[in-house]
Amino acid sequence: MDYKALAELLFPEVTETPEDMEARFPVRNYPENAVITRMAPSPTGFVHLGNLVQGLTSERMAHQSCGVLFLRVEDTDAKREVEGAVEVLINTLKHYGINFDEGATIDGDSGDYGPYRQRQRAAIYHVYAKKLILEGMAYPCFCTEEELSEMREKQEANKENFGYYGKYAVWRDRSIEDIKAEMEKGKPWVLRFRSTGSIENQFKYNDLVKGELTITENDIDQVLLKSDGIPTYHFAHAVDDHLMRTTHVVRGDEWLPSLPFHIQLFKALGFKLPKYVHIGPLMKMDGNSKRKLSKRKDPELALTFYKAEGFPVEAVYEYIMTLLNSNYEDWRRANPIAPSTDFKFSPKKLNPAGNLFDYLKLCDVSKNEIAKMDAETVYSRLVEYTEEFDTEFAQLLKADKEYAVKILAIGRGGKKPRKDLATWKEAKPYMGFFYDKYLEAPVFEEKFEKELIKDVLNKYLAAFDFADDQNTWFNKVKAITEEIGFTTDMKAYKADPTAFKGTVTDVSTFLRVAITGKTNSPDLYTVTQILGYERTCERVKNAINSL
Ligand code: GLU
């Protein structure tokens, strides 16, 4: 076969050479241990936790080593593309603190190794396609969809491996005349790799996460370019990561089965193989068994979910770090206020089998993060959240900032701060009663007579003095308790509950329900101090009237 003639026949318009490409995208001038890596998502409009796991891993590896993190948009599959998806992607990653040094941006590209959107790189791939044809390592295939499905059926019936290989690779050795004839008929073709691998051969390969792998050579003539001239993931991966001078490829382990082909392809193209960091999947418990998080079944896979629930970004970040590096939690305990970037991240510590995503653990981490913030910060973050997700509440918060900050300051600071909130969404159920608009009508326990509750509330009104300190206030509550024949001796009550009509806890609950509409609230004395004398009295009076 005259490969030169074939290369000219298939790519007459390609005049540039691989050497031209090497000159256009020179080797980066970085120290040897600097990690040059990328995120290479497909713009499907769906940004998920897996993207974040991969993104944080690449970001840490790049920036910790004073290397480069760039964003490449893998838009070769036009069918899966959704309008506006690149914006969603960039904004979401930015929201989670993943900042790129170069690559695709909302307004275009930034950096010397672009274009960073693969469809715009077609001419670059064609240079290497032509090179492979010239060297006898690629050829066109005119098989139709029907022919390929027939092939598959045959392989299934014969219990053979699937794919275009051996006797099934029917276009592998066709003459240039046959090829010309099909082209003249206007038949579409794909470009296939001519594999020289054999499944009889195995070799060892070291993945940074998975460790030593035994790889079986690829014997399939995989597609390099689709019939529209756009590359498959495999070909684009090899060409782009070589020319963009990627040193480490961090990606999901769903790509592991393609690794034999990638290793083969890099070699055929004369490229140095990058290091691979194959990340295991995120799983969750489903009953007693683990399964991969699924886009269809698990809303918590989408990153938009965490924003809408109101998880602070730093909480999600902290949680993901605890998942990725098991020593992160200990480090955090020893360095409670250090920036997380001080932690020495290691891809080698990633669990090769993937990680179990634990929503409750995330909530705990988040409670800690929110507990660390001061009231002013909580206020501004809550306003930011409610402005997007609950504008009515946002209005109330903004109408009296001082009041809101006082509420949010309850139990904050000190050695043991309260950990009421895991998300900003929980703020309204937690503190809404401070706003008359969200105050729920009091509902008292039925086992106590209404007259008795009324009596307690009236006594409270008579005794309530706004100037009382916490102790005096509580002594008054205790006095009322004893007046109505309930006990303040909780020990005695616990020893024999039947000996008492009720306790000081019951009395406090009457007051709490009357004042807050709830059986649970932060410290009631503090609540009354924030509500003020008038509003507290008014609420108690309304409760009396409702009985
Ligand atoms: N576009 C591929 C994906 O979204 C990228 C994999 C990679 O990082 O190489 O899975």
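Only this structure's heavy atoms are used, side chains among them; waters, hydrogens and symmetry mates stay out. Just follow the structure's listing: the first ligand is 1, and inside any ligand the first atom is 1.
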Which residue holds the protein heavy atom closest to [atom], what is that atom called, and what is the gap in Å?
atom	result
atom 9 (O) of ligand 1	Tyr233 OH, 2.4 Å
atom 10 (O) of ligand 1	Trp255 NE1, 3.1 Å
atom 8 (O) of ligand 1	Arg38 NH1, 2.8 Å

On a heavy-atom basis, the closest approach of Pro312 and Ile370 is CG-CG1, 3.6 Å
Any N or O of [X] that comes nearer than 3.5 Å to an N or O of ligand 1?
X	result
Ser42	yes
Arg72	no
Ala40	yes

Ring-plane angle category for [X] and [Y], please: parallel below 30°, perpendicular beyond 60°, tilted otherwise.
X	Y	answer
His237	Tyr233	parallel
Tyr128	His242	perpendicular
His262	His234	tilted

Ligand 1 versus Gln54: contacting region, heavy-atom distance under 4.0 Å: neither
Between Thr247 and Pro274, is there a side-chain heavy-atom distance shorter than 4.5 Å? no
From the options His237, Arg251, Glu254, Glu74, select the one whose nearest heavy atom is closest to atom 1 (N) of ligand 1. Glu74
Could you go step by step and tell me if Arg381 and Glu314 meet the salt bridge (Lys or Arg N to Asp or Glu O under 4.0 Å) rule? CA-CA 12 Å; Arg381 300 287 292 271; Glu314 48 275 64; 2.7 Å; yes
